[in-house]
Protein chains: 2
Amino acid sequence: MPLKANDPQRTSWIEVPANSDFPIQNIPFGVFLTRDDVITIGTRIGDTAIDLGAMHQLGYFSDIPLTDDIFLQDTLNDFISDGKKTWRLVRNRIAEVFDATNAELRDNEGHRNVILFSLEEIEMQLPVQIGDYTDFYSSKEHATNVGSMFRDPDKALMPNWLHLPVGYHGRSSTIVPSGTAIRRPKGQTMPPGADAPVFGPSKRVDFELEMAFITTDANKMGEPIPIGEAEDYIFGLVVFNDWSARDIQKWEYVPLGPFLAKNFASSISPWIVTLDALEPFRTESPAQHPEPLPYLQQQGDRSFDIQLEVDLKPRNGVAQTICRSNFKHMYWTMAQQLAHHTVNGCKVNSGDMMGSGTISGKTPDSYGSMLELSWGGKNPITLENGESRSFLEDGDTVVMRGFCEKDGRRIGFGEVRTELLAALP
Amino acid sequence: MPLKANDPQRTSWIEVPANSDFPIQNIPFGVFLTRDDVITIGTRIGDTAIDLGAMHQLGYFSDIPLTDDIFLQDTLNDFISDGKKTWRLVRNRIAEVFDATNAELRDNEGHRNVILFSLEEIEMQLPVQIGDYTDFYSSKEHATNVGSMFRDPDKALMPNWLHLPVGYHGRSSTIVPSGTAIRRPKGQTMPPGADAPVFGPSKRVDFELEMAFITTDANKMGEPIPIGEAEDYIFGLVVFNDWSARDIQKWEYVPLGPFLAKNFASSISPWIVTLDALEPFRTESPAQHPEPLPYLQQQGDRSFDIQLEVDLKPRNGVAQTICRSNFKHMYWTMAQQLAHHTVNGCKVNSGDMMGSGTISGKTPDSYGSMLELSWGGKNPITLENGESRSFLEDGDTVVMRGFCEKDGRRIGFGEVRTELLAALP
């Protein structure tokens, strides 16, 4: 099916500010609470939120086989479950309705009044009920940096790392959308030189710059997803902040991996940008040596050129960008991650989420965590207000953004913005 | 509220075979498909399944504040969410209705015909939608055995092990009820002495004898559950087989823990036995040295005397018991696990499941996995049909059972029975 929604020539009758992440070629999906306290599924063009539930009730999707209530739900899981063909039909139809030349809705004030919202009128929700959340560890630069600091610089990458996309299971219950403040966690740590652990607020709260993809129902239990089909089961991506408490992590993580150091909170940008919308920004991923086993071999341009930024805003100060990275740095691709995840027959459901792992590049200004930016606290970064940071302080706000830009076209994710509150007394 | 349902003197007008796991003092909860292809929530006395949805529709719970459809659901999540007071009211009322002296239902054939089923008429389902599943690693004997084999006998227990209940997140999507056959997984392994990994069916498929508890909504995100309250949020337990592929595990698990080695399947017994029903079998747990930090300190009898058995039945042969263990061997208690899990503010929801980790005792016949029973394959066990086993073979069926017995009283879990099928071609 042609990706008509991606037509670069198309403009919309909805105003789109210059440099918006959400031109008519984006058409992301999200869930929001309206001014009338109704939860609905919607999309966004420029700074206008569009109620797809209302559009469907008014007949704008009557030519597409959809259940009546598909957009009148508090999660996208059922729509995602409808599969790629349906996603494309809906995106193409939205592009058509909002095309500058199309008068059906443009000139119907009554319909516009129930379908369109300004961003101030809505409150974004978690877009999916996440059944299972998996986090990978697929940036070679990040794994090398962390391995050097937590273990041994000479053996920073574990022997398995170049052969498979290392991953582990995370906690779904504490994934929250942009705008939800989180609390500094308490926990057990073993201070350097101590002979017994202590309990208290973490002193090394950190962000991790990641992206995450959301899947549809992909396989039966017991059956793998071949790598050539894997992308068909990826609905879209969000920007993902995998909050971490480094001191808790260091003490707890051997031998079964991170647990309380990660499961207190993870934050996502609320609009899921479809893989289809990202298609024009497809690009190469890093060469892989040694060659992966056949079930992980993938042809063609396997990644996406998505620019990523992290801003840090102290309570009394201005936001400043402390990291610029790119999704294309990932050594292991999403298709490889999904093929690996299911090669043993592990079942993947609609709404499952898989994080990339921290996305660090080669240069120090592209490191995707405070742990790496301050090199374990040895090189604190200096903020414009004169304060310095090795890890995050109470009242700090972390803002992550992602966007693609090429030939004057831009498709973006908006932001995931989170304030770190003080620990409970 | 008195636990009237536990009255040891009570008998039922439903026949209960000698040595049944399900006397009227048990009253477990499960979900089953009836002969009419309806899914309902039910309980069990002896070998009779009881449709609680039908009972509620017929007015048997009219004195308890319950929503009309609370038992007409395909999971127990909403009922569990109602909280401990409601669980007790319902269990007490069930005990009353099925008491040998109570004629209301006993003498109403019309009602009996729609409420009671023989076990052959029903098909047990997964009792809860498991949002998040966590597995602990709380048997000191198991952790010592595994540490000795996978790492270093002199440093078998990691430094953190005696200070906190080590745990990690598992995969919810592949948890299946007793009776669901599973497939031998394929995956990457690094054969001894090889210099590159290979791909193929796991050669070291194993069971792990565990129990798992199911929680209710317990806390707001950001808030801990104090250890003194933790048991109030535990609905009940099941017997749990945490399938494992040891060769995949050995290659993949450093540094982020087990992933594909575990997430291909986990199996549970279908009836959730409430913590209330287990109350008469409360017992001591092992002394803890060093003393845990205050947030993990718990008073009184902290564990339950639950006898556990594992049978192995080869395709051409009879079942034989290869392990006898006991839940009371666990070093870390359920309350400690739940208090630890939430001390950082991690949110726990209704239907979340937490596994104990493999429950091994001190003696070799109490080891809860083939890995330990055959000591990494060095000492294969001999079966009655003359075959030997280091790990599981295709066509093997593993049956795990759990039960409490004291003073002529018995409360049990039934079984979790799973056949291991050959890998896909």
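Labels below follow one simple rule: chain letters A, B, ... track the order of the sequence lines, proteins then strands, and each chain is numbered from 1.
Neither the backbone nor the side chain of A143(B) comes within contact range of chain A, judged by heavy atoms closer than 4.5 Å. Contact of L256(A) with chain B is made through backbone and side chain together, with heavy-atom distances under 4.5 Å. Looking at R151(A), the atoms closer than 4.5 Å to chain B (heavy atoms on both sides) all sit in the side chain, from C-beta outward.
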Go through the steps for F199(A) and Y295(B) under the test side chain to side chain contact (heavy atoms under 4.5 Å, CB included), then give the verdict.
CA-CA 9 Å; F199(A) 178 76; Y295(B) 80 94; 3.6 Å; yes
H341(B) vs N263(A), side chain to side chain contact (heavy atoms under 4.5 Å, CB included): CA-CA, chis, key distance, verdict:
CA-CA 9 Å; H341(B) 203 318; N263(A) 67 17; 3.6 Å; yes
Test ring-ring contact (aromatic ring centres under 6.0 Å, His included) applied to F259(B) and H169(A), step by step
CA-CA 7 Å; F259(B) 183 49; H169(A) 299 116; 5.0 Å; yes
Evaluate H340(A) against L260(B) for side chain to side chain contact (heavy atoms under 4.5 Å, CB included), listing each step before the verdict.
CA-CA 8 Å; H340(A) 182 65; L260(B) 300 192; 3.4 Å; yes
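Distance check: R183(A) CZ to E223(B) CD gives 8.0 Å after rounding to the nearest 0.5 Å.
Of the residues considered (A261(A), P197(A), G187(A)), P197(A) shows the highest number of contacts with chain B, using heavy-atom pairs under 4.5 Å. Put simply, of A245(B), P294(B), C346(B), A265(B), the one with the most heavy-atom pairs under 4.5 Å next to chain A is C346(B). With respect to chain A, the highest number of heavy-atom pairs below 4.5 Å among M221(B), K262(B), K186(B) belongs to M221(B). When the candidates P258(B), P185(B), G167(B), G345(B) are compared by the number of heavy-atom contacts under 4.5 Å with chain A, G167(B) comes out ahead. Heavy-atom pairs under 4.5 Å with chain B were tallied for D352(A), L164(A), I248(A); the largest tally goes to L164(A).
Annotation: side chain of Q188(B) is in contact with side chain of L296(A) (closest heavy-atom distance under 4.5 Å). Taking 4.5 Å as the limit, every side-chain heavy atom of E252(A) sits out of range of all side-chain heavy atoms of V166(B).
Heavy-atom neighbours of chain A within the stretch residues 156-163 of chain B, taken at a separation under 4.5 angstrom, comprise M158(B), P159(B), N160(B), H163(B). When the heavy atoms of residues 170-178 of chain B are compared with those of chain A, the residues falling under 4.5 Å are G170(B), R171(B), S172(B), S173(B), T174(B), V176(B), listed by number. Proximity to chain B at a heavy-atom threshold of 4.5 Å picks out Q129(A), G131(A), D132(A), T134(A), F136(A) from residues 128-136 of chain A, in numerical order.
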For a quick test of your reading: what N or O donor-acceptor pairs under 3.5 Å do the side chains of residues 418-425 of chain A make, sequence neighbours left out?
| residue | atom | partner | partner atom | Å |
| --- | --- | --- | --- | --- |
| T418(A) | OG1 | S267(A) | OG | 3.3 |

